[in-house]
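Comments concern the structure below.
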Amino acid sequence: MEHQLVIYNTLTRKKEVFKPLVEGKVGLYVCGPTVYSDSHLGHARPFITFDLLYRYLIHLGYSVRYVRNITDVGHLENEADESGEDKISKKARIEQLEPMEVVQKYMNSFHENMKELNVLPPSIEPRASGHIIEQEEMVNSIMENGFAYEVNGSVYFDVERYNKKYNYGKLSGRNLDDIKTNTRKLEGQDEKRNPFDFALWKKATPGHIMRWPSKWSDGFPGWHLECSVMSTKYLGEIFDIHGGGMDLTFPHHECEIAQSTASIGKESVRYWMHNNMITINGQKMARSLGNFITLQELFSGSHEMLEKAYSPMTIRFFILQAHYRSTIDFSNEALQASEKGLERLMAAVNSLELITTSPETTVDVVGLKEKCYAALNDDLNSPIAIAHLFDGVRMINSLKTGSEKISATDLDDLKSFFKTMVFDILGLKDEEAAGSGDDEILKGAIELLLNIRLEAKQNKDWGTADKIRNELNALGIEIKDSKEGFEWKLSPS
RNA sequence: GGUCUCUUGGCCGAGUGGCUAGGCAGCGGUCUGCAAAACCGCGUACGGCGGUUCGAAUCCGCCAGAGACCUCCA
């Protein structure tokens with residue numbers, strides 16, 4: 001492996017050379033969705049970001065076990081909701097559904113969205129509800145080690161005690177003193193010794209539907225426990241990379257570190273990676289802020305803020321055009337720019353097949369490859385890699401028109417590199433029914449018309465030629481004349 | 001209030017102490033019967049004020065503005 005991948009580790013706040021714990025193998029854990037409503041644009045970012053990482057690690061030759069959970073229990077509501085019921089059961093009551101029915105519904109739509117975005121499924125997709133026993137076991141071990149206490153059937157993590165031995169706050173860069181002065185006091189939390197303590201096990205209120213038996217009470221596991229449990233269960237006590245959105249750094253990931261450390265006596269995660277947020281009008285897009293646009297709305301264009309529908313690949317490309325640690329601002333203008341750019345990139349990929357070879361090569365394929373790899377190795381800098389790919393687009397177009405030359409060997413190299421980069425690593429796919437549509441009858445009919453047009457052109461019958469072109473255009477078929485004749489494709493809707 | 005981050009040309013977005021990504025839009029040109037596409041060229045941007053430096057958008061300070069986390073959150 002000649003390329004050295006460097007990734008930014010939130011824990012050290014530095015870029016570090018990535019070296020897996022076990023040579024050739026990578027354990028990757030990413031916080032998945034809480035399935036209680038449709039996914040929005042903001043949710044797409046981590047899954048696309050870490051899909052890129054997953055794909056790239058595989059490309060580099062690693063054998064990767066990618067674990068991405070489904071949160072289908074817990075996560076307390078904080079809104080005027082004194083019952084402390086969780087999001088899923090709250091929603092269930094509104095919609096008159098079984099909690100697991102809600103879970104199933106939104107899990108299905110999540111999977112559908114991921115498929116549309118060409119996000120590869122993880123190796124394991126564990127559900128919190130399927131690991132209640134393991135979570136109880138971890139609560140036990142944390143208690144045995146003296147870092148948790150029980151009150152009225154609920155178990156809380158003793159942050160102060162933990163902080164005496166370890167360092168609570170190291171990931172998010174805070175210290176307990178700061179936290180002490182800044183933690184808001186919430187209602188119904190007087191059971192805790194300190195407001196910054198967090199629940200490991202919560203006793204269910206009578207109205208709380210999702211509940212499991214335990215030796216402390218009938219209840220449910222705390223907010224952060226599932227990730228500690230499921231990551232170490234499937235990846236080992238120590239594993240390579242844990243990813244998620246930046247907004248999870250505190251308290252979620254901080255608590256995960258504390259739990260794992262308190263339970264097994266050492267830290268589990270070697271590299272923490274966090275993607276930044278998607279903003280809309282400069283503000284974070286979030287379910288709680290109500291300023292979100294769901295993926296389904298994006299794909300169909302059915303949202304008042306959308307000027308049109310944007311295809312899944314447009315969304316994917318849009319996200320990849322910004323570095324994952326930068327915020328990215330949503331706007332119709334930006335999305336349309338991505339759409340056009342992607343179209344150009346894909347047209348170039350298709351043009352690769354139309355290039356004729358020469359005895360000599362006048363372009364620098366090796367240089368292009370190196371630049372792209374250098375970009376990805378530098379903390380997954382996809383925007384830079386894409387910028388270089390656009391240099392490649394110019395290269396391809398020039399080769400196509402013959403103003404540059406390429407040998408057969410170099411062309412093979414360029415083709416395989418370009419397609420690997422675009423399809424395998426960036427995970428893009430061609431959404432347009434290019435000249436080779438599935439429908440043979442349609443294809444035949446269009447080409448018949450275009451051949452008639454070609455004849456008309458040869459006879460300088462511009463009226464007929466333009467009529468055919470204009471009317472096909474109106475039907476959504478784009479025509480490009482070329483020296484050999486024509487190219488056509490269905491335009492994206 | 002505490003902790004932290006950001007501020008780049010019309011828009012989106014990279015970036016390094018000097019060699020000034022890329023996409024979209026715009027302008028000019030080449031090609032074309034015309035168009036589309038493509039190709040070539042252009043616009044010389046880095047919030048403000050100071051400082052360090054031979055040289056700073058890139059380092060430091062101050063000011064202004066925006067945002068994130070501190071509470072569920074991708």
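Checking B:rG33 for Watson-Crick or G-U wobble geometry (two distances, each under 3.5 Å) identifies no partner in any strand. Partner assigned to B:rA66 is B:rU5, using Watson-Crick or G-U wobble distances below 3.5 angstrom. Across all strands shown, B:rG17 forms no Watson-Crick or G-U wobble pair with both key distances under 3.5 Å. Taking a pair to require two hydrogen-bonding distances under 3.5 Å in either a Watson-Crick or a G-U wobble arrangement, B:rU53 remains unpaired.
Using a 4.0 Å heavy-atom cutoff across all strands shown, A:S326 reaches sugar-phosphate atoms only and no base atom. No engagement by A:K400 is indicated, since no non-hydrogen atom pair under 4.0 Å with the nucleic acid exists. Note on A:Q336: nothing from the nucleic acid sits closer than 4.0 angstrom, heavy atoms only. Using a 4.0 Å heavy-atom distance criterion, A:G42 is classed as a base contact. If you check every strand for non-hydrogen atoms under 4.0 Å, A:N381 touches sugar and phosphate atoms only. Here A:A337 lies in heavy-atom contact (under 4.0 Å) with a base. Among the atoms of the strands shown, none is found under 4.0 Å from any heavy atom of A:M246.
Geometric assessment of A:R68 against the ring of A:F50 yields a negative cation-pi assignment under the 6.0 Å and 45° thresholds.
You'll find that the side chain of A:S331 is closest to B:rC12, out of B:rC12, B:rC34, B:rA21. The nucleotide whose nearest atom lies closest to any side-chain atom of A:Q321 is, among B:rG23, B:rA36, B:rA21, B:rG23. Closest to the side chain of A:D247, out of B:rA38, B:rC69, B:rC12, is B:rC69.
As rounded to whole Å, 18 Å separates atom P of B:rC12 from atom CD1 of A:I386. Counting to the nearest Å, the C1' atom of B:rC12 and the NE2 atom of A:H323 are 16 Å from each other. Computed from coordinates, the A:K489 NZ to B:rA36 C1' distance equals 11 Å when rounded to whole Å. The distance between atom CD1 of A:I384 and atom C1' of B:rG13, rounded to the nearest whole Å, is 10 Å. Atom CZ of A:R325 and atom P of B:rG13 are 16 Å apart (whole Å). B:rU71 atom P lies 13 Å from atom CD of A:E254, rounded to whole Å.
A:K460 has no side-chain polar atom (N or O) that falls below the 4.0 Å cut-off from OP1 or OP2 of B:rC34. For A:N276, no side-chain nitrogen or oxygen approaches OP1 or OP2 of B:rG67 to under 4.0 Å. Phosphate proximity of B:rA38 to A:R394: absent, as no side-chain N or O sits under 4.0 Å from OP1 or OP2. In terms of phosphate contacts, A:R344 brings no side-chain nitrogen or oxygen within less than 4.0 Å of OP1 or OP2 of B:rA37. For A:K340 and B:rG23, the shortest distance from a side-chain N or O to OP1 or OP2 is not below 4.0 Å. Listed pair A:N275 / B:rA74 fails the phosphate criterion, with no side-chain N or O lying under 4.0 Å from OP1 or OP2.
Using P as the reference atom, B:rC27 and B:rG10 are 16 Å apart when rounded to the nearest Å. Spacing between B:rG18 and B:rG1 at atom C1', rounded to whole Å, works out to 43 Å. Nucleotides B:rU7 and B:rG47 are separated by 7 Å at their P atoms, to the nearest Å. Here, B:rG41 and B:rC31 have their C1' atoms 15 Å apart, quoted to the whole Å.
The aromatic ring centroids of A:Y168 and A:F157 lie 6.0 Å or more from each other.
Between A:K371 and A:D391 there is no salt bridge, since no side-chain N of the basic residue sits under 4.0 Å from a carboxylate O of the acidic one.
Residue-nucleotide stacking is not present for A:F390 and B:rG23, judged by a side-chain ring centre under 5.5 Å from the six-membered base ring centre and planes under 30° apart.
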